[in-house]
Student: 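Quick one: structure below, then a few questions.
Just the heavy atoms: all of them, side chains too, but no hydrogens, waters or symmetry mates, feed the values below. Heads up: numbering here begins at 1 and tracks the sequence.
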Amino acid sequence: MRITLVGSRHFGVTTLNMLREHSVSIVRVVVADAEDRLATSAKAAGIEVAVQANPKLVVASEIGPDTDLIITAHSHARIGKDALAAAKFGGIGYHPSLLPRHRGKAAVEWTIKEGDPIAGGTIYHLADVMDAGAIAAQDWCFVKKGETARELWERALAPLGLKLLADVIDYVKVHKALPSKVQDEQFATLAPSLS
């Protein structure tokens, strides 16, 4: 399976490392900032890096040739329709909430702010509306009393995201399709930015 990884920062790097150990071919890494640690890690591994012309949008020309699947890992850029069409199976991303709850940025912070006793992560199909694509995989965890968003992310949600991404990749290898369950809009919430 040929993957284009779009992402940034620490979660982008840990996703890159997971993919490298998961018997897939990473044909290109796409970043918004050439100095990002994901770009540095990809170059060190001999993987081609493309820097987005527009930090808010990934276009088809930035997707690696013959890509089967686009994966986003800590990317706030929208993946354009043309880019999704350039990949055999489209694209998936990880969102650190039980979608459709806490769509948008700062999902983990809103999980804590809302006092949710349960958190979770979702692998979802990339779509026109941010975080609203069909669900490919989902799992949950408890939130510890007094836990901060960063602690929850590091303890449970980041590792959960890597596991779910690996599970979906394995599913696609066997079934030659992405699992898909439409999100139930009656439960949708939008996590506004905390800034």
Side-chain angles (χ1 to χ4, degrees), residues 1-97 99 103-109 121-133 136 149-150 153-154 157-159 161-162 164-166 168-169 172 178 191-195:
M1 178 177 299
R2 294 171 59 85
I3 305 283
T4 292
L5 175 62
V6 180
S8 69
R9 301 172 54 182
H10 181 72
F11 191 66
V13 173
T14 57
T15 301
L16 175 68
N17 293 337
M18 178 275 293
L19 291 171
R20 291 181 66 208
E21 296 169 2
H22 209 75
S23 302
V24 297
S25 175
I26 306 159
V27 294
R28 185 175 291 164
V29 167
V30 181
V31 294
D33 177 2
E35 303 302 314
D36 186 89
R37 68 174 80 172
L38 174 57
T40 303
S41 294
K43 287 175 189 170
I47 298 167
E48 181 184 346
V49 174
V51 179
Q52 296 163 228
N54 176 348
K56 294 184 178 186
L57 179 67
V58 175
V59 296
S61 62
E62 294 164 342
I63 302 303
D66 301 317
T67 290
D68 292 312
L69 183 64
I70 300 165
I71 295 176
T72 62
H74 202 131
S75 172
H76 297 295
R78 193 169 61 78
I79 310 299
K81 282 183 183 179
D82 63 330
L84 290 173
K88 182 176 181 179
F89 299 112
I92 56 173
Y94 174 62
H95 190 74
S97 79
L99 288 175
R103 287 179 179 165
K105 293 182 182 180
V108 183
E109 289 84 352
T122 306
I123 304 300
Y124 66 99
H125 295 237
L126 302 177
D128 281 344
V129 178
M130 192 70 82
D131 304 332
R150 183 180 187 95
W153 169 256
E154 290 175 356
L157 295 178
L162 294 174
L164 289 171
L165 281 168
V168 171
I169 290 167
V172 173
L178 282 169
S193 177
L194 291 174
S195 57

Student: Show your reasoning for whether side chain to side chain contact (heavy atoms under 4.5 Å, CB included) applies to Val24 and Arg2.
Tutor: CA-CA 6 Å; Val24 297; Arg2 294 171 59 85; over 6 Å; no

Student: Does the side chain of Thr4 reach to within under 4.5 Å of the side chain of Val30, using non-hydrogen atoms?
Tutor: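 Yes. Closest side-chain heavy atoms under 4.5 Å.
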
Student: Please tabulate, for side-chain N and O atoms in residues 41-54, each donor-acceptor pair with protein atoms closer than 3.5 Å (sequence neighbours left out).
Tutor:
from: Ser41; atom 1: OG; to: Arg37; atom 2: O; distance (Å): 3.1
from: Glu48; atom 1: OE2; to: Arg28; atom 2: NE; distance (Å): 3.0
from: Glu48; atom 1: OE2; to: Arg28; atom 2: NH2; distance (Å): 2.9
from: Gln52; atom 1: OE1; to: Ala32; atom 2: N; distance (Å): 3.4
from: Gln52; atom 1: NE2; to: Asn54; atom 2: O; distance (Å): 3.1
from: Gln52; atom 1: NE2; to: Pro55; atom 2: O; distance (Å): 3.2
from: Asn54; atom 1: OD1; to: Lys56; atom 2: N; distance (Å): 2.8

Student: How would you list, by chain and number, every residue that makes a side chain to side chain donor-acceptor pair (under 3.5 Å) with Thr15, sequence neighbours excluded?
Tutor: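 Side chain to side chain donor-acceptor pair (under 3.5 Å) check on Thr15 returns nothing, list empty.
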
Student: Any chance you could measure Leu157, atom CG, to Leu162, atom CG, to the nearest 0.5 Å?
Tutor: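 It is 11.0 Å, given to the nearest 0.5 Å.
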
Student: At their closest point, which heavy atom of Ala39 faces which heavy atom of Asp33, and how far apart are they?
Tutor: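 So the two residues come closest at CB-O, 4.2 Å.
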
Student: Between atom CD1 of Ile92 and atom NE2 of His125, what is the distance when rounded to the nearest 0.5 Å?
Tutor: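 Ile92 atom CD1 to His125 atom NE2 measures 8.0 Å (nearest 0.5 Å).
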
Student: Grab the two heavy atoms, one from Val29 and one from Val31, that are nearest each other, plus how far apart they are.
Tutor: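 Closest heavy-atom pair between Val29 and Val31: CG1-CG1, 4.0 Å.
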
Student: Side-chain atoms of residues 75-87: list all donor-acceptor pairs with protein atoms under 3.5 Å, sequence neighbours left out, distances to 0.1 Å.
Tutor:
from: Ser75; atom 1: OG; to: Ala77; atom 2: N; distance (Å): 3.2
from: Lys81; atom 1: NZ; to: Asp128; atom 2: OD2; distance (Å): 3.3
from: Asp82; atom 1: OD2; to: Ala60; atom 2: N; distance (Å): 3.1

Student: Can you tell me which residue pairs pass the salt bridge (charged side-chain N to carboxylate O under 4.0 Å, His left out) test with a partner in residues 62-75, sequence neighbours excluded?
Tutor: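 Pairs touching residues 62-75 that pass the test: none.
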
Student: Does the side chain of Val27 come within less than 4.5 Å of Ile63's, by heavy atoms?
Tutor: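 Result no, sub-4.5 Å side-chain heavy-atom pair not found.
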
Student: Which residues pass the side-chain contact (heavy atoms from CB on, under 4.5 Å) test with Ser8, not counting sequence neighbours?
Tutor: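 Only Asp36, His74 meet the side-chain contact (heavy atoms from CB on, under 4.5 Å) criterion with Ser8.
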
Student: Taking the side chain as every heavy atom from C-beta outward, state whether Leu16 and Leu5 have any pair of such atoms under 4.5 Å apart.
Tutor: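 Yes, close enough: below the 4.5 Å cut-off.
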
Student: Kindly write out the residues that satisfy ring pair (Phe, Tyr, Trp, His ring centres under 6.0 Å) with Phe11, not counting sequence neighbours, or none if the list is empty.
Tutor: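 Phe11: ring pair (Phe, Tyr, Trp, His ring centres under 6.0 Å) contacts with Tyr94, Trp153.
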
Student: Is the side chain of Thr122 donor-acceptor paired with the backbone N or O of Leu99 at a distance under 3.5 Å, no angle test?
Tutor: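 Checking the backbone N and O of Leu99 against the side chain of Thr122, a donor-acceptor pair under 3.5 Å is found.
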
Student: Applying salt bridge (charged side-chain N to carboxylate O under 4.0 Å, His left out) as the test, list every pair that has at least one member in residues 5-20; sequence neighbours left out.
Tutor: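 Residue pairs with at least one partner in residues 5-20: there are none.
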
Student: Identify, with sequence neighbours excluded, every residue that meets salt bridge (charged side-chain N to carboxylate O under 4.0 Å, His left out) alongside Arg150.
Tutor: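 So Arg150 forms a salt bridge (charged side-chain N to carboxylate O under 4.0 Å, His left out) with Glu154.
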
Student: Can you list the residues that meet the side-chain contact (heavy atoms from CB on, under 4.5 Å) rule with Thr40, with sequence neighbours excluded?
Tutor: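 With sequence neighbours excluded, Thr40 shows a side-chain contact (heavy atoms from CB on, under 4.5 Å) to no residue whatsoever.
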
Student: How would you list, by chain and number, every residue that makes a side chain to side chain donor-acceptor pair (under 3.5 Å) with His22, sequence neighbours excluded?
Tutor: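 Scan of His22 (side chain to side chain donor-acceptor pair (under 3.5 Å), adjacent residues dropped) gives Asp170.
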
Student: Suppose we screen for side chain to side chain donor-acceptor pair (under 3.5 Å). Which residues come up paired with Tyr124, at least two apart in sequence or across chains?
Tutor: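 Scan of Tyr124 (side chain to side chain donor-acceptor pair (under 3.5 Å), adjacent residues dropped) gives Asp131.
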
Student: Listing request: all ring pair (Phe, Tyr, Trp, His ring centres under 6.0 Å) pairs with a residue in residues 30-67, at least two apart in sequence or in separate chains.
Tutor: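 Non-adjacent pairs meeting ring pair (Phe, Tyr, Trp, His ring centres under 6.0 Å): zero.
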
Student: Show, in sequence, the C-alpha distance, side-chain angles and deciding distance for Met18 and Leu165, and conclude whether the side chain to side chain contact (heavy atoms under 4.5 Å, CB included) test is met.
Tutor: CA-CA 9 Å; Met18 178 275 293; Leu165 281 168; 3.7 Å; yes

Student: Can you find a heavy atom in the side chain of Ile71 that is under 4.5 Å from one in the side chain of Ile169?
Tutor: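 Answer yes - side chains close enough.
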
